Chemist: 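Could you have a look at this structure, given as structure tokens, before my questions?
Letters go in sequence order (proteins before strands), and every chain restarts at 1. Side chains are part of it too, since the values below use all heavy atoms of this structure and drop only hydrogens, waters and symmetry mates. All values derive from a computational prediction rather than experimental measurement.
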Amino acid sequence: MYQEVILDHYKHPHGRGLRDGDAEVHHVNPTCGDEITLRVRYDGETIADVSYEGQGCSISQASASVLNELLVGKELGEARKIQAAFLELMQSKGQLEPDDAMEEVLEDAVAFAGVSKYPARVKCALLSWMAWKDATAQALSEGKTA
Amino acid sequence: MYQEVILDHYKHPHGRGLRDGDAEVHHVNPTCGDEITLRVRYDGETIADVSYEGQGCSISQASASVLNELLVGKELGEARKIQAAFLELMQSKGQLEPDDAMEEVLEDAVAFAGVSKYPARVKCALLSWMAWKDATAQALSEGKTA
Amino acid sequence: MTYLPGLLDTEAIRKDFPLLDRTVHDGKKVVYLDSAATSQKPRQVLDAMGEYYERHNANVHRGVYTIAEEATALYEGARDKVAAFINAPSRDEVIFTKNASESLNLVANMLGWADEPYRVDHETEIVTTEMEHHSNIVPWQLLSQRTGAKLKWFGITDDGRLDLSNIDEIITEKTKIVSFTLVSNIMGTHNPVEQIVRRAQEVGALVCVDASQAAPHMVLDVQALQADFVAFTGHKMVGPTGIGVLWGRQELLEDLPPFLGGGEMIETVSMHSSTYAPAPHKFEAGTPPIAQAVGLGAAVDYLSAVGMENIHRHEQAITGYAVKRLLEVPDLRIIGPADAEDRGATISFTLGDIHPHDVGQVLDEQGIAVRVGHHCARPVCLRYGIPATTRASFYLYSTPAEVDALVDGLEHVRNFFA
Amino acid sequence: MTYLPGLLDTEAIRKDFPLLDRTVHDGKKVVYLDSAATSQKPRQVLDAMGEYYERHNANVHRGVYTIAEEATALYEGARDKVAAFINAPSRDEVIFTKNASESLNLVANMLGWADEPYRVDHETEIVTTEMEHHSNIVPWQLLSQRTGAKLKWFGITDDGRLDLSNIDEIITEKTKIVSFTLVSNIMGTHNPVEQIVRRAQEVGALVCVDASQAAPHMVLDVQALQADFVAFTGHKMVGPTGIGVLWGRQELLEDLPPFLGGGEMIETVSMHSSTYAPAPHKFEAGTPPIAQAVGLGAAVDYLSAVGMENIHRHEQAITGYAVKRLLEVPDLRIIGPADAEDRGATISFTLGDIHPHDVGQVLDEQGIAVRVGHHCARPVCLRYGIPATTRASFYLYSTPAEVDALVDGLEHVRNFFA
Ligand SMILES: Cc1ncc(COP(=O)(O)O)c(C=O)c1O
Ligand SMILES: Cc1ncc(COP(=O)(O)O)c(C=O)c1O
């Protein structure tokens, strides 16, 4: 499960640190104590920034880094598609063999395919993605995006 | 366990029916619904009568009949010895082989030795004896005997 | 051999059940007619548990090592199997308990500690029936004592049916919960769920169905029942001891408070306060009956492979035959429905004035295992003015020859005490 | 091979435990270091349960046929064995539950529903510690919420011991119950029973000891403890899942009210009211975990044959060795006592800032099974400001070679994430 790509993101995370945002959420994985504080900033429909801070295992840390890399700069609709694809991959219990089309959408995130075989770790991989979804909903409801 | 003696007492019980007494008790075996109402009458230290009525299995019925046969006419001290010997026999889990000395004391009641192997039935055999003990204690505390 | 339409291939089935080869009293083959108390277990169930302990044993949830992941998958897989077996809308509605009694106590306690609109208190009423197993009476008596709620119940007719003639007075606007058995464990009666559920829904009461004697013997579809809770127990349905099930409607399980507190049922704990995991875990405190869940999973696999409809048909055939043959025995009186309609394969009877203890003991000497006593349903005995009954109960491995053995055995009993 | 004085003949012992032969990840032999979560089971225990199901399976109590008498004798015989194992003054003080969590909830609920002088209410206080398993925290939180009683607790010192410096302020005249663990499941700490019991007795409070992590590993003598209740769980002491024990002092069990209602726990039932059987049956509603009791009986036989003193000595040797070797690993910090004094064979640690999940996962790839997380003792993690620990726990079948494998594995973890 520890793909080189994952270890890389873990050791050299993208966009780590808290910066200005339209909404902030704090998510916890109670079974392992992983925590993340995450902020989103929108520029109209475009994700201007996703900044975050937290503690957790390599999988949760790397996943947040990948999220930042993948989503920042994307339109909201596009980002949602990516999030849905990542969720599907993580819930596949190792049954989904990533193909080219998936790699197109998920880029580095396909490296997490192996994690989906480990139910205890799936939550770690999803922590930041759930936080992002939640923060986005919050930002939307506060009318910060178009 | 169904010795001829037991079946005889069951089919032809001794002293069944309620007659005058110094004390009356009602005992129930909640696990099988066996019930007995039992009265004792003392004449000084002597057991003048043990009368009883109830419903129950052959073992509990026969045991009451044997009790009546054994105890009526005995001195209280002697009766207590018999009761203790019967209790010991019933709690022996089939380990006690009745010898002549025991047969001397328990007479027909030694036929219950086989019952002691069946934990579920031991209570049936003891129902009337416990009732007698209780009724006697009651009679004593009311000062009916010397 | 007696041929009856609808019988299963018991010769093949009996090979799966090691205990049925047991002999007692110098070589007499056991005739096991006490499946209503507990069923025998097929090799498949024992093997599944053995395999679990020998290869996959670890504590479940949270483990990141291989064996712990396997144990978790097996345990949660058993939940999937049970959910499918009872047609539950969601696997998260299936709670593993230690037995049906715990399941029923769980419901009673949830309602006692619940907020409105579920809360049972001194202004409300609880309804059950006179036909219940003690495990569906005492929890409600305790709840009634502890909350002041009034306990009411349906009576029984002379022929062993629920007397619903006064249903509108029994189930009223004050009723918070109606709890009753689908199949009587002493008389075998099948109860009319629909009528009771309809009335309960009318007044907004919850319905709890004790399916302990139903789940082993017929298709159990919790959606078709339209109940709110359904309880049953593993050991009566070819599963192991030490496991029971409570099915509950998801939104209720979300709203109702936990019962037992401890590991596994929490979300996060501090010394000051705790939050709880979502159902079903909220109701499963401590290390669950892991091996027993695996065994129960194998049990429902086994039953499903034979087919619950086929099992039901088999038992109907046996019951019809048994009722007919038993009524040939002089002085035998069936307590409960004296025909094969709307009833299960559990038949209670009295035999003249021979006490059931004596009936059971003399049958045992012939290798025939029946249960005697009040069968944890003493109110039924009180209702019919009898101290106890003799009860023969049949299952998928029972044969007409065993019915014959019982009838012959009873003749012997009569002669013995004549 | 490392020779340590006091070691058991693990080569012989390991032959009894089929799972220890398991391999994972392409042939790597399992190094099972998670016995504090659940122990492995010897063949003798599995055989006892198999034999029960295949030859003696029937519901217990009240049956008059041979197999039912045998099942009852086996079940009640297991109670005798457990009573002897803990030196209980009477077998009737041994209650079988489903796990230690139920045992602890049982105590909490008995006290919540009790009459004076035991009753816990809003004027009284409950005392526990920060070192408890969630199963000895949440039941008391629930009791406190439901009765208004105040919950107080002892803190922990920096080196993983109970801080009893303020014992006279924590345990006061208002205290009704003090419940604490004999051995910590996360840090292995052995707690000073005597001092706590003495203070509790001074103020007339009851004492409940959670012996879940003690019963498997050392001589447990409930009379020597002088506690009022002692709880433990079968699956951690080479027994099956699905069974726990609560020992309680006879006069308390007589006075305290029942918890779960149902079959087996009653004396007589009518629809209007019921009376209860004497303890232990009063507290055992429904069909008990029969096969699991038989398994637990075989487990205490097994442990007694090896000898609890010998097991304790073995674990002390292993613990001393493990502490020494672990402290050689750079960046490794032991959470809890960092020596082998007054502690059990359970060692929690952190490894630099590598998250325990990652430690556990990479160890698993080498076949090494440790537990990671808060180990159902989150307040301990909060106390030390860490999200989780990695925990290695040893038992009678653990070897110094397994300690070495762990240490090598941790080196590999460090390199992997360096
Ligand atoms: C100290 C302690 N108490 C209580 C428990 C709860 O035991 P169970 O999960 O068997 O209920 C455990 C183990 O999980 C424990 O380690
Ligand atoms: C109808 C009914 N309900 C409840 C129970 C209780 O089941 P358990 O003893 O497994 O808790 C039984 C069986 O004993 C039963 O027959």
Side-chain angles (χ1 to χ4, degrees), chain C residues 18-19 22 24 37-38 40-41 46 50 53-55 57-59 62-67 98-102 105 130 133-135 137-139 141-142 153 235 240-242 260-263 266 269-271 274 285-287 289-292 357 360-361 364 369 371-373 376 378-379 382, chain D residues 18-19 22 24 37-38 40-41 46 50 53-55 57-59 62-67 98-102 105 130 133-135 137-139 141-142 153 235 240-242 260-263 266 269-271 274 285-287 289-292 357 360-361 364 369 371-373 376 378-379 382:
Chain C
L19 189 133
R22 204 24 232 280
V24 293
T38 198
Q40 295 307 331
K41 326 298 176 199
L46 305 183
Y53 280 127
E54 292 184 17
R55 297 193 40 82
N57 174 64
N59 214 324
R62 278 194 276 283
V64 297
Y65 57 88
T66 307
I67 296 177
K98 67 174 177 176
N99 54 25
S101 303
E102 186 191 350
N105 279 277
E130 205 176 1
H133 187 279
H134 293 162
S135 292
I137 298 175
V138 183
Q141 287 180 337
L142 287 171
W153 55 87
H235 66 91
T241 59
L260 303 179
I266 55 91
V269 171
S270 77
M271 292 308 292
S274 301
T287 302
I290 309 171
Q292 293 73 36
H357 262 191
Q361 197 89 49
D364 176 56
R371 188 140 297 231
V372 299
C376 293
R378 188 165 171 272
L382 291 178
Chain D
L19 188 134
R22 207 19 235 279
V24 292
T38 199
Q40 295 306 330
K41 325 298 175 200
L46 305 183
Y53 280 126
E54 292 184 16
R55 298 192 40 83
N57 174 65
N59 214 326
R62 279 193 275 282
V64 296
Y65 56 89
T66 307
I67 297 177
K98 67 174 176 176
N99 55 24
S101 303
E102 186 192 349
N105 279 278
E130 205 177 0
H133 188 280
H134 293 162
S135 293
I137 298 175
V138 184
Q141 289 180 336
L142 287 171
W153 55 88
H235 65 92
T241 58
L260 304 179
I266 55 92
V269 172
S270 77
M271 292 310 290
S274 302
T287 302
I290 308 171
Q292 293 73 35
H357 262 191
Q361 197 91 50
D364 175 56
R371 188 139 299 230
V372 299
C376 294
R378 188 165 172 271
L382 291 177

Chemist: Between Val64(D), Thr241(D), Val138(D), Leu260(D), which shows the greatest number of heavy-atom pairs under 4.5 Å with chain C?
Modeler: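 Between Val64(D), Thr241(D), Val138(D), Leu260(D), the count favours Thr241(D).
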Chemist: Determine whether a donor-acceptor pair (N or O, by modelled atom type, separation under 3.5 Å) exists between the side chain of Asn59(D) and the backbone of Thr38(C).
Modeler: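 No, the answer is negative, given that no donor and acceptor are paired below the 3.5 Å cut-off.
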Chemist: What part of Val269(C) lies closer than 4.5 angstrom to a heavy atom of chain D: side chain, backbone, both or neither?
Modeler: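 For Val269(C), heavy atoms of backbone and side chain both lie under 4.5 Å from chain D.
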Chemist: Give, as side chain, backbone, both or neither, the part of Asn57(C) having an atom under 4.5 angstrom from any heavy atom of chain D.
Modeler: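 For Asn57(C), heavy atoms of backbone and side chain both lie under 4.5 Å from chain D.
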Chemist: Enter the distance from His133(D):NE2 to Ser101(D):OG here, rounded to the nearest 0.5 Å.
Modeler: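 Between atom NE2 of His133(D) and atom OG of Ser101(D) there are 6.0 Å.
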Chemist: Sort Arg22(D) into side chain, backbone, both or neither according to what part of it lies under 4.5 angstrom from a heavy atom of chain C.
Modeler: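 Looking at Arg22(D), just its side chain touches chain C.
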Chemist: Based on non-hydrogen pairs under 4.5 Å, which of Ala291(C), Gly263(C), Gly360(C), Gly50(C) is most in contact with chain D?
Modeler: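 The answer is Gly263(C).
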Chemist: How long is the span from the CD atom in Glu102(D) to the CD atom in Glu102(C), to the nearest 0.5 Å?
Modeler: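 So the gap between those two atoms works out to 6.0 Å.
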Chemist: So which of Ile266(C), Ile137(C), Asn99(C) has the largest heavy-atom pair count under 4.5 angstrom toward chain D?
Modeler: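 Heavy-atom pair counts peak at Asn99(C).
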Chemist: Name the region of Leu382(C), side chain, backbone, both or neither, that has any atom closer than 4.5 Å to a heavy atom of chain D.
Modeler: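 Contact with chain D is through the side chain of Leu382(C) alone.
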Chemist: Applying side-chain hydrogen bond (donor to acceptor under 3.5 Å, both in side chains), can you list everything that pairs with Asp364(D), at least two apart in sequence or on another chain?
Modeler: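 By the side-chain hydrogen bond (donor to acceptor under 3.5 Å, both in side chains) rule, Asp364(D) matches Thr66(C), His25(D).
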Chemist: Where do Ile67(C) and Ala58(C) come nearest, in terms of heavy atoms and distance?
Modeler: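 Shortest heavy-atom separation between Ile67(C) and Ala58(C) comes out as CG2-CB, 3.8 Å.
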Chemist: Side chain from CB out, backbone as N, CA, C, O: work out which of these in Ile290(C) comes under 4.5 Å of a heavy atom of chain D, or both, or neither.
Modeler: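 It is both, since atoms from each part get that close.
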Chemist: Heavy-atom cut-off 4.5 Å, strictly under: side chain, backbone, both or neither for Gln141(D) against chain C?
Modeler: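 Side chain of Gln141(D) only, per the 4.5 Å heavy-atom cut-off to chain C.
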Chemist: Apply side-chain contact (heavy atoms from CB on, under 4.5 Å) to Lys41(C) and Glu54(D), showing your working.
Modeler: CA-CA 8 Å; Lys41(C) 326 298 176 199; Glu54(D) 292 184 16; over 6 Å; no
Chemist: Between Val372(D) and Gln361(D), does a side-chain contact (heavy atoms from CB on, under 4.5 Å) hold up when you go through it step by step?
Modeler: CA-CA 9 Å; Val372(D) 299; Gln361(D) 197 91 50; over 6 Å; no
